[in-house]
Visitor: 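First the structure, then my questions, so here it is.
What you see below is based on every heavy atom in this structure, not just the backbone, and it leaves out hydrogens, waters and symmetry mates. In what follows, chains carry the letters A, B, and so on, assigned in the order in which the sequence lines appear, proteins first and then strands, with residues in each chain numbered from 1.
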Amino acid sequence: MKKTPALHHPKRLSISRLTAALLALGLITRTLSAADFPTAKVDATGLAVTDDTVTVGQLHSATGTMAISEAGSIESERLAIDQINAMGGILGRKIKINFEDGASDWPTFAEKSKKLLEQDHVAAVFGCWTSASRKAVLPIFERDNGLLYYPTFYEGLEQSHNVFYTGQEATQQIIAGLKWLNETKHCKSFYLIGSDYIWPRTSNKIARKCIENDLGGKVVGEEYYPLGSTDFGSLINKIKLKKPDAIYAIIVGGSNVAFYKQLHAAGIDSKNWTLLTISVTEDEALGIGGENLAGFYSAMKYFQSLDNPANKEFVSAFKAKYGPASVIGDVTQAGYEGPWLWKAAVEKAGSFDVDKVVAASGGIEFTNAPEGYVRIHDVNHHLWSKLRVGEWQPTGQVSLVYESGLIEPNPFPKGYQ
Amino acid sequence: MFGYTPSELWSIFVMQSFSGLSLFSVLLLMALGLTIIFGQMGVVNLAHGEFMALGSYTVYLCSQIVQAHCPQLMPYYFIVAIVLAFLVAALFGLLVEWSLIRFLYRRPLDSLLATWGLSLFMQQTYRSIFGAREVTPTMPEWLMGSFNLTSSIQIPINGVFVMGLTLVLTFGVWLFLYRSRLGLQMRATVQNRAMSGAAGINTKLVDRFAFSLGCGIAGVAGAAFTTIGSTGPDSGSRYIVDAFLVVVFGGMTKLVGTIASAFGIAQGQSIAQFFLEGTMGKVTILLTVVVILMIRPQGLFASKVRS
């Protein structure tokens, strides 16, 4: 006996058409359940998808040096997934999280990503923080055709079929900020400072090109200090001697506190000096202390104090879950966007299969993200986003002083490599 | 000269000397406790940095408690906190000596492994109690800011404070080692344990006291560093390399060696970082130390022993 495929049954068809029309008109509201999306259809590649759950991976450092920074991303990704589950999940399936600890060790990241992809067959992974950890897992994601949502702002110069970058690449964070300094603060000479690894070095390279070629300014010093340095006396003396119009700082981790405290003690404050950093978010400010930062500027795409309804909702949900004293930095917010962007792409694709999700991702919009409207680039897997400059207040929060238009992500800038 | 006025050069010279001196006091403070534990007793204590972190966390706790319960005492708490940091670290050192170190005096390799294990244990404990984020205690107002000697010479107060503390502590250690009965017994024990025992010195008690004193000094160092940087669960591992470098370069057994070595490394690094840049300055100084140690493995000041 020949079996008629359900969809071609005339009666069924008309009912489903009617349902669709009613749904479109908003006349009936009905939560889509897993029954509308048979498992065989949404998962053709053997992912961890059952009739009522879909398993994703979360891969961050919960221990080791980086645990300080990655804690926020872990929390915000979980918050997003909880909220999605509370709305009924994705394609009628609740999201389950398999958490793996990368332990601030890059080979461990690689090993754990192998476990997530090859043993657990997770549908997507939200994770990594440093570029080093991302580079360590990249070959595995490409070989096993996994899907990674990476939250950190980073140096760019990368684009993979298997990765979506929800943080800004370097040009999105650097160029607009420097132009703002040049136009509103009339800065012509710059002193570039960084911790000694790839992100600050690449970022300063882009900054230098921008200063010298686009702004007609000049770089009077460029210096790097080993990670964890706490002595900046000589550097501060040189800054005082060279008197740059602006200090451009990309110091990270534990060094940050020592750096800003020593600047403060040496009398370099916002009264006579201009300082712009791309490495201090509200998270770092908590350790540095607002009084040491007051009047300096940070260039980010997100600040906790952004005044829009979506952000207010996000901040209060975050505080309700993680305590009223918690702060939210740029990367934490970018981590929050990952699960939502994945959800939108999966729903558009009608499938969890990685290739279909990737194909559906170009142009996916997240209209009410805490940072405001963002969109996945049609081609390069990064986000269109705005750049904002905030002025630090003694409270450890910023007041917004500048907001750019949407900036196109460009991970391989011409003339900047 | 170089397009700068003489007064500018003068003020940079003054401030540069000061930053060298302030690095010197930081390094010396790191190394002081270790001179006793490693230099005198020969215990490779890889958990030394964690004892410093213990001091830092004690100060942090004090600041939290004082701020919550009696904020009017904020200007004074720091002094008490330093004493507490000493006591907490020394007591914990005593416990560690009694439970772990005393079994390992004749087994240097095992003591290396055991103290490394201890350092991991302590780091994880900090992480569980205080969280992974770095913390900074609230500093009393009088410690922040700077003395403005002229319009272009600013001397940071916290730097002066750390220097003063280092001076006091170094003098104290010197008094103890070379002018006290217990110090004499300790030096005797180091030179010849069997003979000292025969002469009626309770060498076990001396060991316990010395280890605990070294840990207490590490605690004070940690407390002083809260004025400069932040404290995280693994701050200790940042200090440990510099501390050992200073002690080994100084020749291990003599206090004056440690002082000279800390001074040399600090000034060298400060000057190299001024004329080169951060990382290169550090590299230059490490290379220099390595070369000097290759030529003179016993370090700057070695005690003369008949072989």
Visitor: Does any heavy atom of chain B fall under 4.5 Å from the side chain of Leu235(A), the backbone, both, or neither of them?
Guide: neither
Visitor: Mark yes or no for whether Thr279(B), through its side chain, and Tyr224(A), through its backbone, hold a donor-acceptor pair below 3.5 Å.
Guide: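 Yes: the side chain of Thr279(B) pairs with the backbone of Tyr224(A).
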Visitor: Side chain to side chain contact (heavy atoms under 4.5 Å, CB included) between Ile228(B) and Phe232(A): does it pass, once the steps are laid out?
Guide: CA-CA 10 Å; Ile228(B) 300 170; Phe232(A) 295 95; over 6 Å; no
Visitor: For Phe161(B), is the CZ atom crowded, meaning more than 12 foreign heavy atoms sit under 6.0 Å from it?
Guide: yes
Visitor: Who in residues 14-22 of chain B is close to chain A, using a strict under-4.5 Å heavy-atom cut-off?
Guide: Met15(B), Gln16(B), Ser19(B)
Visitor: If I take atom CD from residue Glu223(A) and atom CD from residue Gln273(B), how far apart are they, to the nearest 0.5 angstrom?
Guide: 8.0 Å
Visitor: If I measure from the heavy atoms of chain B, does Lys243(A) come under 4.5 Å with its side chain, its backbone, both, or neither?
Guide: side chain
Visitor: Given heavy-atom pairs under 4.5 angstrom as the criterion, report whether the side chain, backbone, both or neither of Asn256(A) touches chain B.
Guide: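 The answer is neither part of Asn256(A).
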Visitor: Could you have a look at Ala265(A), Gly267(A), Ala258(A) and say which one has the most heavy-atom pairs with chain B under 4.5 angstrom?
Guide: Ala265(A)
Visitor: To the nearest 0.5 Å, what is the distance between OG1 (Thr230(A)) and CG (Asp242(B))?
Guide: 8.0 Å
Visitor: State which residues pass ring pair (Phe, Tyr, Trp, His ring centres under 6.0 Å) with Tyr260(A); sequence neighbours excluded, sorted by chain then number.
Guide: none
Visitor: Identify which of Asn237(A), Asp231(A), Leu286(A) forms the greatest number of heavy-atom pairs closer than 4.5 Å to chain B.
Guide: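 Answer, by heavy-atom pair count under 4.5 Å with chain B: Asn237(A).
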Visitor: Would you give the length of the straight line joining atom CG of Asn292(A) to atom CE of Met139(B), rounded to the nearest 0.5 angstrom?
Guide: 10.5 Å
Visitor: For atom CH2 of Trp10(B), decide whether the heavy atoms of other residues, nucleotides or ligands shown that lie under 6.0 angstrom number more than 12.
Guide: no
Visitor: From Glu277(B) CD over to Ser234(A) OG, what is the distance, rounded to the nearest 0.5 angstrom?
Guide: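 It is 12.0 Å, given to the nearest 0.5 Å.
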Visitor: Would you say that more than 12 heavy atoms from the other residues, nucleotides or ligands in this model lie under 6.0 Å from the NZ of Lys218(A), or not?
Guide: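 Atom NZ in Lys218(A) is not packed in, count stays at 12 or less.
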Visitor: Indicate yes or no for a side-chain donor-acceptor contact from Lys282(B) to the backbone of Pro226(A) under 3.5 Å, with no hydrogens or angles considered.
Guide: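 It does not hold such a pair.
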Visitor: Identify which part of Thr138(B) has an atom lying under 4.5 Å from any heavy atom of chain A, answering side chain, backbone, both or neither.
Guide: neither
Visitor: Side chain from CB out, backbone as N, CA, C, O: work out which of these in Glu222(A) comes under 4.5 Å of a heavy atom of chain B, or both, or neither.
Guide: backbone
Visitor: With respect to chain B, which residue among Lys240(A), Lys238(A), Glu70(A), Glu284(A) yields the maximal number of heavy-atom pairs within a distance under 4.5 Å?
Guide: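 Sorted descending by pairs with chain B, the first entry is Lys238(A).
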Visitor: Counting neighbours of CD on Gln72(B) that are heavy atoms of other residues, nucleotides or ligands and sit closer than 6.0 Å, is the number greater than 12?
Guide: yes
Visitor: Look at Ile236(A), Ile193(A), Leu241(A) and state which one has the largest set of heavy-atom pairs under 4.5 Å with chain B.
Guide: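 Most heavy-atom pairs under 4.5 Å with chain B: Leu241(A).
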Visitor: Is Leu276(B) in contact with chain A via its backbone, its side chain, both, or neither, using a 4.5 Å heavy-atom distance?
Guide: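 For Leu276(B), backbone heavy atoms alone lie under 4.5 Å from chain A.
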Visitor: Atom OG1 of Thr226(B) and atom NZ of Lys261(A): how far apart are they, to the nearest 0.5 Å?
Guide: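 Going from the OG1 atom of Thr226(B) to the NZ atom of Lys261(A) covers 6.5 Å.
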